[in-house]
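The structure under discussion appears below in the form of C-alpha cells.
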Amino acid sequence: MHELALIKDIITRLEAIAIENNARRIRSIRLRFGALTHTPAEIFKEQFRMMATAEGKSILDGTKIEIEVVDEIDDDAQDVILESVELEQ
C-alpha cells in the first residue's frame, strides 16, 4: 500500500507542475528509483496508470513513464525521485 501513497503524491506534484506551466497534458516523466525502493518498475507503471484513470486525470492520459533503477546505496536509496517532466502546451 506504500506505493499507492507514493503514486498519489507524484500525481499531485505533476498536476501542480502542469498548472504552473499552463500545460494541456504531461507527455512523459522520468523517475529514479533508489536501490532500496521495493516496488518493481512495471508494477509501479501499471498502478500509476490505473490510479490516474480512476481519478479522472485526463492530463495524464498516455503519459510515458521512464524509470531508472539505481543499484548503489546512497542517500536517496529509499526514495523515488521525479527527475524530469515533459509537458505539452
Side-chain angles (χ1 to χ4, degrees):
M1 295 308 277
H2 165 72
E3 61 269 1
L4 296 181
L6 176 65
I7 292 168
K8 187 168 181 65
D9 178 61
I10 290 171
I11 288 173
T12 300
R13 290 170 48 203
L14 291 170
E15 286 180 303
I17 290 168
I19 290 168
E20 287 173 15
N21 291 281
N22 296 316
R24 289 189 333 195
R25 76 179 196 90
I26 297 173
R27 284 189 182 185
S28 66
I29 61 173
R30 180 177 168 87
L31 302 168
R32 180 180 184 266
F33 279 26
L36 301 177
T37 302
H38 298 292
T39 302
E42 290 308 312
I43 299 294
F44 180 92
K45 289 178 183 180
E46 183 180 318
Q47 290 177 339
F48 178 93
R49 288 186 181 102
M50 287 186 339
M51 186 174 281
T53 300
E55 293 186 8
K57 307 297 183 185
S58 61
I59 198 164
L60 297 171
D61 285 349
T63 298
K64 179 184 172 196
I65 304 168
E66 182 180 336
I67 297 175
E68 173 191 9
V69 180
V70 180
D71 293 331
E72 68 265 5
I73 305 294
D74 60 13
D75 292 341
D76 299 321
Q78 294 182 331
D79 298 329
V80 172
I81 298 170
L82 179 60
E83 289 195 326
S84 66
V85 178
E86 182 184 358
L87 303 172
E88 181 177 303
Q89 298 297 331

Could you work out, with side-chain hydrogen bond (donor to acceptor under 3.5 Å, both in side chains) as the rule, every residue matching [X], not counting sequence neighbours?
{"X": "Asp74", "result": "Arg32"}
{"X": "Ser58", "result": "none"}
{"X": "Glu86", "result": "Ser28"}
{"X": "Arg13", "result": "none"}

Check: Arg24 and Gln89 side chains under 4.5 Å, non-hydrogen atoms:
no
Distance check, rounded to the nearest 0.5 Å: Asn22 atom CG versus Leu87 atom CG?
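With rounding to 0.5 Å, CG (Asn22) is 10.0 Å from CG (Leu87).
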To the nearest 0.5 Å, what is the distance between OG1 on Thr37 and CG on Leu6?
8.0 Å
State which residues pass salt bridge (Lys or Arg N to Asp or Glu O under 4.0 Å) with [X]; sequence neighbours excluded, sorted by chain then number.
{"X": "Arg30", "value": "Glu66, Glu68, Glu83"}
{"X": "Lys8", "value": "Glu55"}
{"X": "Arg49", "value": "none"}

Non-neighbouring partners of Ile19 that pass side chain to side chain contact (heavy atoms under 4.5 Å, CB included), sequence neighbours left out:
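Ile19 satisfies side chain to side chain contact (heavy atoms under 4.5 Å, CB included) with no other residue.
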For the side chain of Thr53 and the backbone of Met50, is there at least one donor-acceptor N/O pair under 3.5 Å apart?
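Judged by distance alone, no pair lies under 3.5 Å.
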Mark yes or no for whether Thr63, through its side chain, and Arg27, through its backbone, hold a donor-acceptor pair below 3.5 Å.
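No, the answer is negative, given that no donor and acceptor are paired below the 3.5 Å cut-off.
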If the test is side chain to side chain contact (heavy atoms under 4.5 Å, CB included), which one of Val69, Ile81, Ile65 qualifies with Leu31?
Ile65
With a 4.5 Å cut-off on side-chain heavy-atom distances among I, L, V, M, F, W and Y, is there a chain of contacts connecting Ile10 to Val70?
no
Ile17-Leu60 co-clustered via ILVMFWY side chain contacts under 4.5 Å
yes
Step by step, would you call Leu4 with Met51 a side chain to side chain contact (heavy atoms under 4.5 Å, CB included)?
CA-CA 8 Å; Leu4 296 181; Met51 186 174 281; 3.8 Å; yes
When Ile, Leu, Val, Met, Phe, Trp and Tyr are grouped by side-chain heavy atoms lying under 4.5 Å apart, directly or through other members, which residues fall in the same group as Leu36?
Ile73
Test: ring pair (Phe, Tyr, Trp, His ring centres under 6.0 Å). Region: residues 9-37. Which pairs qualify, not counting sequence neighbours?
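As it turns out, the ring pair (Phe, Tyr, Trp, His ring centres under 6.0 Å) pairs with a partner in residues 9-37, which skip direct neighbours, are Phe33-Phe44.
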Could you list all the ring pair (Phe, Tyr, Trp, His ring centres under 6.0 Å) pairs where at least one residue sits in residues 47-69, not counting sequence neighbours?
none
For Ala18 versus Ile59, what's the shortest heavy-atom pair and its separation?
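Minimum heavy-atom separation between Ala18 and Ile59: CB-CD1, 3.2 Å.
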What pairs of residues pass the salt bridge (charged side-chain N to carboxylate O under 4.0 Å, His left out) test when at least one of them lies in residues 34-43, not counting sequence neighbours?
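For residues 34-43, and leaving out neighbouring residues, the salt bridge (charged side-chain N to carboxylate O under 4.0 Å, His left out) pairs sorted by first residue read Glu42-Lys45.
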List the steps, then state whether side chain to side chain contact (heavy atoms under 4.5 Å, CB included) holds for Ile26 with Val85.
CA-CA 7 Å; Ile26 297 173; Val85 178; 3.8 Å; yes
